[in-house]
Every structure is written in structure tokens, then in C-alpha cells.
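Worksheet: the structure to be examined is printed underneath.
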Amino acid sequence: MSADVLVAAAGGRTADVVAYLDAGGDIEACDVGTGRTVLLEAVAAGRSEVVQVLCERGADVEAAAGGRTALSWAVGAGIPDAVAVVDILLAHGAEPNRTVHDGGVTTLMHAAETGDEALVRKLVDAGAEIDVCDQAGQTVLSRAVAHAQATQKSTPEAGRRFRMVALLKSLGANMPPPPPEPAPILWPDVPWDTQTPTPQIPSGATPEQVLRGFMLAMHFWEAGAYNPRALTSLESLEGHHAFRGSVAAGTQILRAYVTDRKRTYGGQVAGAGWPPRYSPDFVLLSVEAPTTSRRLMHTRHVNCRWRQRQGRPPQPRSPNGYMNECLYVVLKKHGQWRVDSVKTRVFGTEKWEVGIL
């Protein structure tokens with residue numbers, strides 16, 4: 001029975017497997033539950049002698065189960081006699097670059113994660129592509145680096161993982177290329193005065209115009225309200241009155257451009273900072289329209305330019321100088337578009353944080 005040969009293969013009972021095949025048994029018989037063939041059962045159990053017999057008898061070395069081929073199963077963590085099993089599979093034509101895993105994870109990536117340097121060398125020598133990316137855009141080296149950095153330092157496991165990183169680099173592995181930079185979307189002209197706290201925003205204004213007008217208005221106000229050269233005047237009563245008047249003007253801008261929903265922070269009283277949070281240097285990267293009355297607008301800010309204008313060295317956090325990113329929600333209410341919320345993050349990070357508007 002096919003179930004018996006599967007158990008025999010996993011148990012390393014070579015004679016029983018040979019007897020099954022000599023009696024005309026199906027060499028590609030597979031487990032109903034796992035989908036593993038006789039060869040896959042032998043590989044997963046690290047039974048190199050059974051693997052040798054099955055390969056010589058013509059077993060399909062590219063059969064897959066659970067998203068993994070025989071070669072992928074062979075390099076899995078904890079497989080006994082893994083090097084010998086890999087040698088047999090490669091000798092019988094197993095393809096080192098076949099990727100059937102979810103997420104595009106390659107056999108070489110699996111091998112690197114086990115920390116077995118001999119397996120990694122064998123796969124590379126057999127032609128495994130060392131710089132191919134998975135669906136997340138990660139290479140075997142970047143995945144190995146992430147695993148090493150996530151391990152507690154000064155432990156045997158950490159040492160093993162960092163040695164794997166060193167090996168991959170010596171074999172010519174590279175970090176993934178940076179993702180292509182999206183082309184900025186040209187901001188539309190804003191046909192109203194953005195330097196007044198009480199703008200006349202026309203009913204036909206687009207969401208892009210409203211967001212651009214809001215950012216320009218806030219920049220103009222914030223740059224004037226919190227000019228470092230004027231801070232000394234705050235020691236006088238006149239200076240305090242002037243500053244409070246500027247805060248009131250900023251609050252009017254918020255009321256003109258921002259929706260009136262209740263907020264835990266922001267929305268009622270403007271707060272200025274230095275350097276200004278808002279700038280003409282923001283570029284618009286994308287506009288999504290989940291519904292007819294909702295827009296998601298992704299922007300980035302080249303903050304290092306302000307530092308250069310102030311005679312200070314720029315501090316870019318990426319090769320192109322981008323530092324801050326914002327994701328605005330702009331809503332259409334009562335026929336008019338208004339800014340509703342914003343999330344922020346530092347360029348190069350993934351997690352968005354709720355921003356104060």
C-alpha cells in the first residue's frame with residue numbers, strides 16, 4: 001500500500017521501499033494530508049540512502065508539497081544528513097533556483113536561515129542566484145542581516161548568524177537595490193491668497209489645491225510666528241501680545257482648511273515650531289481615491305534645504321535627502337474639500353504615526 005511505503009521512506013527502511021517499487025508500486029504516491037511524495041518523505045526525514053534509490057529509479061525531484069520542492073525540504077533546519085541529501089538531489093537535476101514558496105522565498109534563503117554554511121556553498125556552486133529578491137524586495141543577504149540583528153548579542157546563535165552574513169558577503173551577495181523613487185506629481189496652482197489667515201477658498205477647489213494651499217499658508221504663518229530672531233522680544237509685554245496674535249492667526253488657518261471634527265489634539269489652537277513643519281519643499285507623490293469624497297495624499301519633505309539656507313550642514317537620512325513623509329486624508333463635506341487628518345513617518349521606515357493637525 002502507498003501509505004506503507006511513505007512510512008518506510010520516512011523511517012529509512014530502504015529494503016521495503018525497493019520491494020514496493022519492484023512490485024510495481026507508484027513511485028509518485030503521496031500522502032493525502034501533506035501532499036508529500038515518497039521522495040519528499042525521505043528527504044524531510046534526512047534518509048539519504050532512500051533518496052539515492054528513489055532518484056536512481058526516476059522519482060520527480062521537482063515535485064513540491066507545502067510550497068517546497070525536495071531541495072527546499074533538504075535545506076530545512078534540523079534535517080539529518082542534509083549535505084548528502086542535497087548532493088544527491090543536485091546530481092539528479094534538482095533546480096537550485098526554482099521558487100515555489102509563498103512570498104518568493106528561495107531555497108538559498110532557506111539554507112542561509114539554517115546557518116549551515118556547507119549547504120549555502122553547495123547551492124551557490126550549483127548555480128543558485130545569490131541576489132534574487134523575494135516578493136518583499138529582500139535578498140538572501142538582507143534577510144540574513146535582519147535575522148542576525150534580531151538575535152540577542154553575545155550568544156552562540158548570534159555568532160552563527162553573523163558568520164552567515166560574512167559568508168554571503170564573501171560569496172558576492174548584495175543588499176537589495178533601493179526601490180525606484182516615484183516621480184512627484186506637479187502641484188496645481190492655488191488661485192487664492194495663501195498668506196492670509198482667512199482665505200476665500202472657492203467651492204470648486206480640488207483636494208490637491210486645498211492641501212497645497214493649507215501647507216503654504218501654514219508655512220508662511222509658522223515661519224513668521226516663530227522666527228528665532230524675534231524670540232528675544234517675547235520678554236516684553238508687547239512681544240507676548242504679538243506672539244499670541246500670531247497663534248490666533250494660525251488657528252484661523254486651521255479653521256479655514258481643516259474639517260471641524262472633534263480632535264484629541266490640534267484643530268483648535270495652532271502651535272508653531274522651528275524649523276517650520278510645513279514647507280514649499282513638500283512634494284506630492286501619490287493621490288488615491290478610496291471613495292468619491294475621500295483622498296489619500298502622500299507627501300515628502302526635503303528638510304535639509306532649510307538647514308543649508310541657515311548655513312548649517314544638511315542632515316539627510318536617505319541618499320536623496322528626503323526626511324519626513326506625511327499621509328493626508330482630505331475629505332469632501334458639504335461640497336468642499338478639507339484636510340481631515342495626517343499620519344507621519346521618517347523616510348525609510350514603514351510604520352505611520354498619527355500626526356497632530
Side-chain angles (χ1 to χ4, degrees), residues 9-10 12 14 34 36-56 59-136 138-151 155-176:
T14 308
T34 66
R36 294 202 300 223
T37 63
V38 183
L39 176 61
L40 288 174
E41 289 287 355
V43 168
R47 306 297 185 179
S48 58
E49 185 177 342
V50 178
V51 171
Q52 180 72 41
V53 169
L54 291 170
C55 287
E56 290 175 351
D60 183 6
V61 295
E62 296 301 330
R68 300 171 66 178
T69 62
L71 195 58
S72 177
W73 279 103
V75 302
I79 300 297
D81 210 9
V83 173
V85 172
V86 168
D87 279 337
I88 295 167
L89 293 173
L90 290 173
H92 286 83
E95 170 54 58
N97 288 308
R98 184 178 175 195
T99 303
V100 293
H101 317 283
D102 289 341
V105 178
T106 67
T107 300
L108 182 60
M109 291 174 183
H110 270 306
E113 288 172 5
T114 68
D116 193 319
E117 297 183 18
L119 290 179
V120 169
R121 290 183 183 276
K122 284 186 177 294
L123 290 173
V124 173
D125 290 343
E129 295 180 15
I130 202 165
D131 283 337
V132 66
C133 293
D134 61 18
Q135 292 179 7
Q138 299 301 310
T139 62
V140 63
L141 179 58
S142 64
R143 289 171 62 98
V145 168
H147 275 79
Q149 292 176 340
T151 308
T155 63
E157 179 67 11
R160 183 176 63 83
R161 291 186 175 184
F162 278 105
R163 285 194 298 273
M164 177 57 67
V165 170
L167 171 64
L168 291 170
K169 288 180 178 179
S170 72
L171 294 173
N174 296 292
M175 297 295 282

Under 4.5 Å between any side-chain heavy atoms of Leu89 and Val51, yes or no? yes
Are Val124 and Ile130 close enough, and set up right, to give a side chain to side chain contact (heavy atoms under 4.5 Å, CB included), and what steps lead you there? CA-CA 7 Å; Val124 173; Ile130 202 165; 4.3 Å; yes
Compare all side-chain heavy atoms of Val145 with those of Ser142 and state whether any distance is below 4.5 angstrom. no
Kindly compute the distance separating CE (Met175) from NZ (Lys169), expressed to the nearest 0.5 Å. 8.0 Å
Do you know which two heavy atoms are closest between Val165 and Ala148, and how far apart they sit? CG2-CB, 4.2 Å
Run the numbers on Glu129 and Thr106 for side chain to side chain contact (heavy atoms under 4.5 Å, CB included), then give the verdict. CA-CA 9 Å; Glu129 295 180 15; Thr106 67; over 6 Å; no
Within a strict 4.5 Å, meaning less than it, do heavy atoms of the Arg121 and Leu167 side chains meet? yes
Quick one: are Met164 and His147 in side-chain contact, heavy atoms under 4.5 Å? no
When you measure from the side chain of Trp73 to the backbone of Ala65, do you find a donor-acceptor pair of N or O atoms at a distance under 3.5 Å? yes
Can you tell me if Asn174 uses its side chain to pair, donor with acceptor, with the backbone of Gly172 under 3.5 Å? yes
State, with a plain yes or no, whether a side-chain heavy atom of Asp60 is found less than 4.5 Å away from one of Leu39. no
Side-chain donor/acceptor of Arg160 to backbone N/O of Thr114, under 3.5 Å: yes
So Leu108 and Val120, do their side chains get closer than 4.5 Å, heavy atoms only? yes
Pair Glu56, His92 - check side chain to side chain contact (heavy atoms under 4.5 Å, CB included), show working. CA-CA 8 Å; Glu56 290 175 351; His92 286 83; 4.1 Å; yes
For the side chain of Arg36 and the backbone of Leu40, is there at least one donor-acceptor N/O pair under 3.5 Å apart? no
Indicate the atoms forming the closest heavy-atom contact of Gln138 with Pro176, along with that distance. OE1-CG, 4.2 Å
Looking only at heavy atoms, what is the nearest atom pair of Val85 and Ala74, with distance? CG1-CB, 3.8 Å
Side-chain donor/acceptor of Asn97 to backbone N/O of Gly127, under 3.5 Å: yes
Going by distance alone, is a donor N or O of one side chain under 3.5 Å from an acceptor N or O of the other, for Thr151 and Arg161? yes
Okay, side chain of Arg98, backbone of Thr69: is any donor-acceptor separation there less than 3.5 Å? no
One should read off an interatomic distance between Leu90 CG and Asp125 CG, to the nearest 0.5 angstrom, of 10.0 Å
To the nearest 0.5 Å, atom CE of Met109 lies from atom OG1 of Thr139 at 6.5 Å
Report yes if the side chains of Glu95 and Leu71 come closer than 4.5 Å at any heavy-atom pair, otherwise no. no
Which atom of Leu168 lies closest to which atom of Ala112, heavy atoms considered: CD1-CB, 4.3 Å
Among residues two or more places apart or on two chains, list those pairs meeting salt bridge (Lys or Arg N to Asp or Glu O under 4.0 Å) that have a residue in residues 77-91. Asp87-Lys122
Can you name the nearest heavy-atom pair linking Ala111 to Leu123, along with the distance? CB-CD1, 3.7 Å
Using atom types as modelled and distance alone, determine if a side-chain donor or acceptor of Gln52 lies under 3.5 Å from a backbone N or O of Ile88. no
